[in-house]
Protein chains: 2
Amino acid sequence: MSSDEPRRRGAGRPVKRVLSQARIVAAALEVIQAGGYGALTMSALARRLEVAPSALYNHVESKQEVLRWLQDFVMSSVDTSCFADLPWDQALRAWARSYRDVFARHTPLIPVIAVLQVSGAPRTLAMYEAVTQGLQRAGWPTPQIVPAIVALESFIYGSAYDAVAPQDIFDTGALAADSPRFTAAVELQTGRADGRAADAAFEAGLSALVTGLAGGAGLPLESGPA
Amino acid sequence: MSSDEPRRRGAGRPVKRVLSQARIVAAALEVIQAGGYGALTMSALARRLEVAPSALYNHVESKQEVLRWLQDFVMSSVDTSCFADLPWDQALRAWARSYRDVFARHTPLIPVIAVLQVSGAPRTLAMYEAVTQGLQRAGWPTPQIVPAIVALESFIYGSAYDAVAPQDIFDTGALAADSPRFTAAVELQTGRADGRAADAAFEAGLSALVTGLAGGAGLPLESGPA
DNA sequence: ACCTGAACACCGTTCAAGT
DNA sequence: ACCTGAACACCGTTCAAGT
């Protein structure tokens, strides 16, 4: 993640800069870290790499490709080690929480994933492989695994958006009189002092999905309902 | 949806054009219809309204506001009549399917919803009110309703992306050897001649969520598992 | 009150010219 | 093989000047 380049041993001049995929992704993450996704422009990226914007195009097809690389890199920080440590249903929950938390910090990548070919995303693929292995080891029938992953992912992406939404989204304001039932239901929610409403909805949905998908796969839960 | 304006009765000259929210939304939908969301620029919108781009800013704060208006308009085509006709669990499924199908055609609006204040979105609010009423009438405890809606919505938004993703997203290609288990699981899926894999995952997840959320709310299903 | 045309400060991307 | 600088074809938005 450092932006200075070491000199090659014994060489009299600086090593030629090679804009590898790894360096470009690292620079992109620094730009995002400093200014958010709005700050991630090809110019800003080039500046961080101390290069002219046009030079980037010798190493990258398009900004979209940078986003695809970012997506795959970010995916590698989703935790799959839980499948080695925990009963499968707890592991699935832990994986889903980690997955949501990671992409809540990278929501602009979510539309990228939706179109991303896994054949170009080795880390993403490694994650799928780990989850598949975890579920197979737990006795899940293979034909149910992909639909289960897809359903969980859909829920996770939507929940990642929800996690970063303003808390007062459901304030009905001047329209409260037109939606008395919903307004009352929302007020019950905002009264909760514990944690955020988004987290409660995520946990409720996650439990429902894990239980329901396992039931559809003909499996009892290993550690009972949460 | 027509773009020509009637003359006011008895008036000697054309009615002054008023760029109402309704006309702007209609024009935006025409632009999207013709060229997709990539074609929706302020210039294109102005052209469709036969006005200079700068004129739009007398009626709209920003392009983001246009998107918010669009979002609310599009939301009104989500079906909630099912709550009047069907047992609540079937109604919830029918609503969710309609919701997903609508936003699969409008995925660029999904990030807009995530930040949209319902107080400025009357049709969206009306939808929430209808769902709330439907669930209350079925005996759902009020405190469970908002989390259930949020969880279902998260799943629906993610599934909308999934519904428009290329079918071969999971082709592992040259990386197949690195992910043998997942590759095999995906092949079982693509072998299915019936419908699209995204639909199977959506239905599996939807059943799991409806069943699980109802269970969490202490309710049995009205019409048995699907 | 609402329009136009010019201008501004950006974008991503291309390409000839260099080394 | 890879860089630079200039240029291109856009964006969304602002604003003085009009009616």
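We name chains A, B, ... by the order of the sequence lines, and we start the count at 1 in each one. Model, not experiment: these values are computed from the prediction. Worth knowing before you read on, the calculation uses all heavy atoms, side chains too, and leaves out hydrogens, waters and symmetry mates.
- Distance, A:N58 CG to C:dG18 C1': 13 Å, rounded to whole Å.
- Going from atom CG of B:L56 over to atom C1' of D:dT14 covers 14 Å, rounded to whole Å.
- Distance check: B:L45 CG to B:I32 CD1 gives 9.0 Å after rounding to the nearest 0.5 Å.
- In this structure, a donor-acceptor pair under 3.5 Å is present between the side chains of B:T124 and B:D72.
- Applying the Watson-Crick and G-U wobble criteria (two distances, each under 3.5 Å), D:dA6 pairs with C:dT14.
- Atom pair A:M42:CE and D:dA7:C1' shows a separation of 17 Å (rounding to whole Å applied).
- The residue A:T41 sits close only to the backbone: its heavy atoms come under 4.0 Å of sugar-phosphate atoms, none of a base.
- With ring centers used as reference points, A:F103 lies under 6.0 Å from A:Y99.
- Judged by atom type and distance alone, A:S54 reaches the base of D:dG5 through a side-chain donor-acceptor pair under 3.5 Å.
- As a whole-Å value, the separation of B:L45 CG from D:dT13 P is 12 Å.
- The partner of C:dA1, taking Watson-Crick or G-U wobble pairs whose two distances both stay under 3.5 Å, is D:dT19.
- Rounded to an integer number of Å, the gap from OH of A:Y57 to P of D:dT4 is 14 Å.
- Note on B:H59: a side-chain N or O is less than 4.0 Å away from OP1 or OP2 of C:dC3.
- Taking atom CD1 of residue B:I24 and atom P of nucleotide C:dC2, one finds them 11 Å apart after rounding to whole Å.
- For A:R97 and A:F202, the positive end is not near the middle of the six-membered ring at less than 6.0 Å and at most 45° from its axis.
- When every heavy atom of B:Q189 is checked against every heavy atom of A:P143, the shortest pair comes out as OE1-O, 3.5 Å.
- Distance, A:K63 NZ to D:dC10 P: 19 Å, rounded to whole Å.
- The distance between atom CD of A:E61 and atom P of C:dG12, rounded to the nearest whole Å, is 16 Å.
- Take the nearest nucleotide of DNA chain C for A:L40 and for A:A55: the residue whose nucleotide is more 5' is A:L40.
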